[in-house]
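Comments concern the structure below.
What you see is a predicted model, and the numbers here were worked out from it, not measured in a lab. Worth knowing before you read on, the calculation uses all heavy atoms, side chains too, and leaves out hydrogens, waters and symmetry mates. Both ligands and their constituent atoms are indexed starting at 1 by order of listing. Counting begins at 1 with the first residue of the sequence.
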Amino acid sequence: MAFFVVIVSISFYDNKKAFTYMKIFITKKIPQKGIDLLQSAGHEITIHESARPLSEKELIEASQQCNYVLNGGMQNFDAHFFENCPNLKALSLMSVGYDNVDISAATQHGIPVSNTPGILSGATADVAFLLMLAVSRKAFFNHKRILQGKWEGFDPTENLGIELNNKTLGIYGLGRIGFELARKARAAYNMEIIYYNRSRNKEAERVLGAKYVHFDELLRRSDVLSIHAALTAETKSRFDKNAFARMKNSAILVNTARGGLVNEFDLTAALQAGELWGAGLDVTNPEPMRPDNPLLGMDNVCILPHIGSATVETRDNMALMAANNLLAAIRGEKMPQIINEKVYQ
Ligand code: NAP
């Protein structure tokens, strides 16, 4: 049973014409700043307050009652959703990733979809940096040892990490977040930056001295390999046993993009076989990760529960950007962060 909170603002009249308020459905509680902005524009807002994701049926039923949807969670919007929501006018995502939305189905149904790019790059790159450093020093494992009463004293040969100074950081998908990580890694550890994209990132080459390499070279040369490409049919399970076999045994794999880019079964086997030094994951497949997943028990693995953009500042800005996108659609304007530009043609 879904639990919704409905906030009805009083619709108002300006001097000349009646104001028509719109019905907005928010799929998960978002920072209050975003809600306040929508409310101050006088619209009726329904919020799914529970931590539990909506079932497909609940999502469709709630969205059918509304004209505009703001997605604050990890809901899926597939072709079936768009077919069954004829009153829907726009979908605003409070995320930069949109692998959970069938964009071509949205476009076919004339639904503009927007996201929140850029404003979360610094916070997400911080988490990639945190994982890179935490894995290199086995930080989570050592913390667990204290909790388990296994800290018996100083030992000059146990629990040694590896340093990052002057090492090579390989970035798979050097876009906004990859750029921020590369900038931090160069400044902190003078790391050499190599990257693989489908097209060259000239700004990263100019500003950071990043070098474009082919995928195979990225695998072979990276001391730390950080994944930042979107999850698509092309990138799905790109990091599998074949990829791990080509990486250095001393390499660290970091994934803050989407769990689906990594074959977790193969990653577990590669770590058990000592083919990699370790792995840091902010995203898993599936999410949430089961507490009995063998990766959680490994001394060279650090896992976080998808907290890339989870800072007060970033989440406030994401909520405001998502609300502003929706308000633009309600005014009949182009959504500023539109994904499916074609919908306006
Ligand atoms: P972005 O600026 O679009 O960067 C993505 C990069 O990936 C682009 O440079 C793109 O370059 C490259 N790319 C795309 N397809 C590729 C392919 N097949 N092979 C190699 N490179 C490819 O996106 P962003 O803002 O940095 O965000 C990246 C992803 O991070 C998002 O899609 C999202 O899934 C994830 N994310 C996670 C969190 C979190 O909480 N952990 C937070 C925010 C974002 P080309 O087009 O030239 O290939």
As a test of understanding, state which of Tyr196, Phe265, Tyr172 forms a ring-ring contact (aromatic ring centres under 6.0 Å, His included) with Phe239. Tyr172
Protein residue, atom and distance nearest to [atom], heavy-atom basis:
atom	value
atom 26 (O) of ligand 1	Ile177 N, 2.9 Å
atom 19 (N) of ligand 1	Tyr172 OH, 3.3 Å
atom 35 (C) of ligand 1	Ala257 O, 3.5 Å
atom 21 (N) of ligand 1	Asn197 CA, 3.5 Å
atom 4 (O) of ligand 1	Gly175 CA, 3.3 Å
atom 47 (O) of ligand 1	Ser199 OG, 2.5 Å
atom 5 (C) of ligand 1	His228 O, 3.6 Å
atom 44 (C) of ligand 1	Val96 CG1, 3.2 Å

Selected option - heavy-atom contact closest to [atom], from [options]:
atom	options	value
atom 18 (N) of ligand 1	Leu174, Thr232, Thr235	Thr235
atom 14 (C) of ligand 1	Arg198, Glu180, Arg258	Arg198
atom 22 (C) of ligand 1	Ala229, Ser121, Ala204	Ala229
atom 40 (O) of ligand 1	Glu234, His306, Arg176, Lys236	His306

Test side chain to side chain contact (heavy atoms under 4.5 Å, CB included) applied to Phe81 and Leu59, Val101, Asp102, the passing residue: Leu59
Does a side chain donor of either [X] or [Y] reach within less than 3.5 Å of an acceptor in the other side chain?
X	Y	result
Asn293	Arg290	no
Asn76	Asn100	no
Thr27	Asn71	yes
Asn285	Glu264	no

For the residue pair Ala188 and Phe129, what are the closest heavy atoms and their distance? CB-CZ, 3.8 Å
Which atoms of ligand 1 have any heavy atom of Ala230 under 4.0 Å away? 32 (O)
Output the list of atoms in ligand 1 that are nearer than 4.0 Å to some heavy atom of Ser309, sorted by atom number. 40 (O)
May I ask you to say whether Lys211 pairs ionically with Glu217, meaning some side-chain N is under 4.0 Å from a carboxylate O? no
Say whether Leu231 and ligand 1 are in contact under the criterion: heavy-atom distance to a ligand atom below 4.0 Å. no
Test your reading of the structure: does [X] have an N or O sitting under 3.5 Å from an N or O of ligand 1?
X	result
Arg238	no
Leu120	no
Asp282	yes

Applying a heavy-atom cut-off of 4.0 Å, say which part of Tyr98 lies close to ligand 1: side chain, backbone, both or neither. neither
Which pairs pass side chain to side chain donor-acceptor pair (under 3.5 Å) with one or both residues in residues 299-313, sequence neighbours excluded? Glu287-His306, Ser309-Arg315, Thr311-Thr314
If you count every heavy atom of other residues, nucleotides or ligands that lies below 6.0 Å from Lys248 atom NZ, does the total exceed 12? yes
Gln148 atom CD, neighbour heavy-atom count above 12 within 6.0 Å: yes
Derivation of the side-chain hydrogen bond (donor to acceptor under 3.5 Å, both in side chains) call for Asn67 and Asn87: CA-CA 5 Å; Asn67 318 100; Asn87 299 326; 6.0 Å; no
